[in-house]
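Let me begin by presenting the structure, written as structure tokens, before commenting on it.
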Amino acid sequence: MKTKKYKRFFKSLSEAGDIPEELYDALIKKIESEGKMNGRVYEFFLSELERRGLFEVDGTPFSTKNSAKTDGSFKYKSPRNPFWHIGHAITSTVFKFLGWFASAFVLGVWRVPDRKKLKGVRACISVSNHVGYLDAVLTRYAFGCRKQYIVVAPHNCKNDFGGALLKSATVIPLPINFHGAKAFTDMLLYVKTRDGALHFYPEKSMWVGYKKPRPLKDGPFHYADRLDIPIVPMLYVYPEPKGLRKLFRMPKMAIKIGDPLYADFTLPPAEREAELKRRTQDAMKNLYEDFYGIPLSYTCDDPQTADAVKAETPETDGQ
């Protein structure tokens, strides 16, 4: 972790009003006491975000320089171009192999027992928590050989060679305005016609190593209702490392998959999207509790914690 980079990141969060000034000051003091930005400081950062209920705050620094401009001018696909199909086939195959390799050797995932829940499911939207830079490869591995597309923020898809490779390998950047929404929706419809899986990270931001599922945004549930396809809830979890992985302190992850969930079309559109979102959140909660064997709770829900946070927050005069 680069200390200067994280100091700038924490400063930007404070200046934007995403975190209170006293938390920024505490983070800087923590970095100074540790001598550098490290895992202990980062764990403190995430624990403070949870304690304050700031679940939408970005968990890692990122750059928007040279990012894809999905404002209606971004070209998601070229289905009439045979070279586009050839490039797509090659890059998606390579990324599937890399997904298997990274899942098995880097994350310690050699099999996905819950994959049987995907049997018979054609086009769908999968959702999960977002806990690391490599969790996308584990999702790709979980879907096996079937077509899968990952929806990402535009800053993850740059206007360079690397961005072109990601785009060719079925990365779909979100639209940044109303004009970009039509092209984005057309791309999702294209994926549905190919019986592909669309993966969303509806927690909005990545919190590295955070185990609990966070509140979900509305996007994937709107599109699941609009496309009339099911939601597949997933959860990245952290089993206890054993053997060589424990000896060499190598990471160990797994992916849990819930049963597909379908919208209730007896409800009005707005209600059925909210109800589908609620059932998905409950399913992810159940995946967490079944795996870890403890109830899912957040420190911000503790009345004593809420009182402590309120006492720490400076009073303002309303000006």
Side-chain angles (χ1 to χ4, degrees), residues 1 6 34 37-51 53-61 98-118 126-144 148 150 152 156 199-216 232-259 280-302:
M1 293 183 172
Y6 268 89
E34 291 285 341
M37 179 66 195
N38 57 25
R40 286 185 292 273
V41 179
Y42 190 75
E43 288 178 5
F44 171 74
F45 171 52
L46 294 188
S47 67
E48 281 297 300
L49 294 184
E50 178 186 328
R51 192 169 75 94
L54 301 175
F55 291 109
E56 293 189 6
V57 173
D58 290 316
T60 54
L98 291 176
W100 173 83
F101 181 86
S103 296
F105 292 97
V106 179
L107 303 177
V109 182
W110 292 90
R111 53 191 297 269
V112 183
D114 287 346
R115 188 183 290 162
K116 59 182 180 290
K117 295 181 180 179
L118 300 174
S126 59
V127 297
S128 73
N129 50 341
H130 196 10
V131 296
Y133 294 96
L134 289 178
D135 54 18
V137 301
L138 183 50
T139 306
R140 188 174 294 278
Y141 180 52
F143 274 93
Q148 191 213 31
I150 300 175
V152 300
N156 290 309
H199 188 75
F200 280 76
Y201 292 106
E203 292 178 334
K204 180 181 176 290
S205 61
M206 178 174 65
W207 286 16
V208 178
Y210 185 75
K211 296 180 179 180
K212 302 175 185 178
R214 290 178 282 146
L216 307 178
V232 177
M234 297 180 169
L235 187 73
Y236 300 109
V237 296
Y238 294 88
E240 190 68 29
K242 298 179 181 179
L244 292 177
R245 302 196 76 85
K246 182 177 182 180
L247 178 64
F248 292 104
R249 297 183 179 181
M250 297 174 66
K252 173 67 175 175
M253 287 182 65
I255 186 166
K256 308 301 293 182
I257 304 174
D259 294 320
T280 303
Q281 192 87 62
D282 288 344
M284 294 177 70
K285 173 178 179 289
N286 292 336
L287 291 174
Y288 174 91
E289 294 180 342
D290 289 346
F291 180 79
Y292 292 108
I294 56 175
L296 175 60
S297 62
Y298 303 94
T299 51
C300 60
D301 293 331
D302 183 352

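A quick note: this is a predicted structure, and the numbers were derived from the prediction, not measured.
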Notebook entry, point to check: Going by an N to O cut-off under 4.0 Å, is there a salt bridge joining Arg40 and Glu43?
Noted result: no

Next item on the list: Could you tell me whether Lys252 and Glu240 have a side-chain N and a carboxylate O separated by less than 4.0 Å?
Entry: no

Next item on the list: With the side chain counted from C-beta on, respond yes when Leu216 and Glu203 share a heavy-atom pair under 4.5 Å apart, and no when they do not.
Entry: yes

Item checked: Straight-line distance of Leu235 CG to Lys211 NZ, nearest 0.5 Å -> 11.5 Å

Check: Would a 4.5 Å heavy-atom cut-off, applied to side chains only, mark Phe248 and Pro241 as touching?
Finding: no

Next item on the list: Begin from the C-alpha positions of Val137 and Phe101 and carry the test side chain to side chain contact (heavy atoms under 4.5 Å, CB included) through to its verdict.
Entry: CA-CA 9 Å; Val137 301; Phe101 181 86; over 6 Å; no

Next item on the list: Name all residues meeting the ring pair (Phe, Tyr, Trp, His ring centres under 6.0 Å) criterion together with Tyr210; count only those two or more places apart in sequence or in a different chain, and write none if there are none.
Entry: Trp207

Note to self: For Val57, is there any backbone N or O sitting under 3.5 Å from a side-chain donor or acceptor partner on Ser205?
What the structure shows: yes

Next item on the list: Locate the shortest heavy-atom distance separating Met284 from Asn129; write the atom from each residue and the value.
Entry: CE-N, 3.7 Å

Check: Would you say the side chain of Phe55 lies within less than 4.5 Å of the side chain of Leu49, judging by non-hydrogen atoms?
Finding: no

Next item on the list: Decide side chain to side chain contact (heavy atoms under 4.5 Å, CB included) for Tyr236 and Ser128; before the verdict, give the C-alpha distance in whole Å, the side-chain angles of both, and the deciding distance to 0.1 Å.
Entry: CA-CA 7 Å; Tyr236 300 109; Ser128 73; 3.2 Å; yes

Notebook entry, point to check: Tyr201: what forms a ring pair (Phe, Tyr, Trp, His ring centres under 6.0 Å) with it, not counting sequence neighbours?
Noted result: His130, His199

Note to self: Is there a side-chain contact between Ser47 and Thr299 in this structure, where contact means two heavy atoms from C-beta onward sitting under 4.5 Å apart?
What the structure shows: no

Margin query: I'd like to check Ser126 versus Phe200 (side-chain heavy atoms, cut-off strictly below 4.5 Å). Are they in contact?
Written below: no

Item checked: Flag side-chain contact, heavy atom, 4.5 Å: Val208 against Thr60 -> yes

Check: Do you know which two heavy atoms are closest between Ala136 and Ile150, and how far apart they sit?
Finding: CB-CD1, 3.7 Å

Margin query: For the residue pair Arg214 and Tyr298, would you count it as a cation-pi contact if the rule is NZ or CZ under 6.0 angstrom from the ring centre and within 45 degrees of the ring axis?
Written below: no

Notebook entry, point to check: Rounded to the nearest 0.5 Å, what separation is found between the NZ atom of Lys242 and the CG atom of Leu247?
Noted result: 15.5 Å

Item checked: Residue pair Val109 / Val112: nearest heavy atoms and the distance that separates them -> CG1-CG2, 4.3 Å

Notebook entry, point to check: Can you check side chain to side chain contact (heavy atoms under 4.5 Å, CB included) on Leu98 and Arg140, steps first, answer last?
Noted result: CA-CA 9 Å; Leu98 291 176; Arg140 188 174 294 278; over 6 Å; no

Note to self: Taking the side chain as everything from C-beta on, heavy atoms only, tell me whether Asp302 gets closer than 4.5 Å to Arg51.
What the structure shows: no

Notebook entry, point to check: Closest heavy-atom contact between Pro233 and Ala283?
Noted result: CG-CB, 3.7 Å

Notebook entry, point to check: Is a side-chain donor or acceptor of Lys117 paired with a backbone partner of Ile257 at a separation under 3.5 angstrom?
Noted result: yes

Next item on the list: Would you give the length of the straight line joining atom OH of Tyr42 to atom CE of Met37, rounded to the nearest 0.5 angstrom?
Entry: 7.5 Å

Next item on the list: Please assess Lys204 against Asp58 for the test side chain to side chain contact (heavy atoms under 4.5 Å, CB included), listing each intermediate value before the final yes or no.
Entry: CA-CA 8 Å; Lys204 180 181 176 290; Asp58 290 316; 4.0 Å; yes

Notebook entry, point to check: Are the aromatic ring centres of Trp110 and Phe105 under 6.0 angstrom apart?
Noted result: yes

Next item on the list: For a side chain to side chain contact (heavy atoms under 4.5 Å, CB included) with Met234, tell me which candidate from Val127, Thr139, Leu138 qualifies.
Entry: Thr139

Checklist line | All pairs passing salt bridge (Lys or Arg N to Asp or Glu O under 4.0 Å) where residues 282-300 contributes a residue, at least two apart | finding: Arg278-Asp282, Lys285-Glu289

Notebook entry, point to check: For Asp135, what residues pass the salt bridge (Lys or Arg N to Asp or Glu O under 4.0 Å) criterion, not counting sequence neighbours?
Noted result: none

Next item on the list: Write down the atom of Ala142, the atom of Arg115, and the distance for their closest heavy-atom approach.
Entry: O-NE, 2.9 Å

Checklist line | Main-chain N/O of Cys300 paired to Glu50 side chain as donor or acceptor, under 3.5 Å | finding: no

Notebook entry, point to check: For Arg245 and Pro251, which heavy atoms make the closest approach, and how far apart are they?
Noted result: NH2-O, 2.5 Å

Notebook entry, point to check: In chain order, what residues pass the ring pair (Phe, Tyr, Trp, His ring centres under 6.0 Å) check against Phe291, with sequence neighbours excluded?
Noted result: none

Item checked: Set of residues satisfying ring pair (Phe, Tyr, Trp, His ring centres under 6.0 Å) with respect to Tyr292, sequence neighbours excluded -> Tyr288

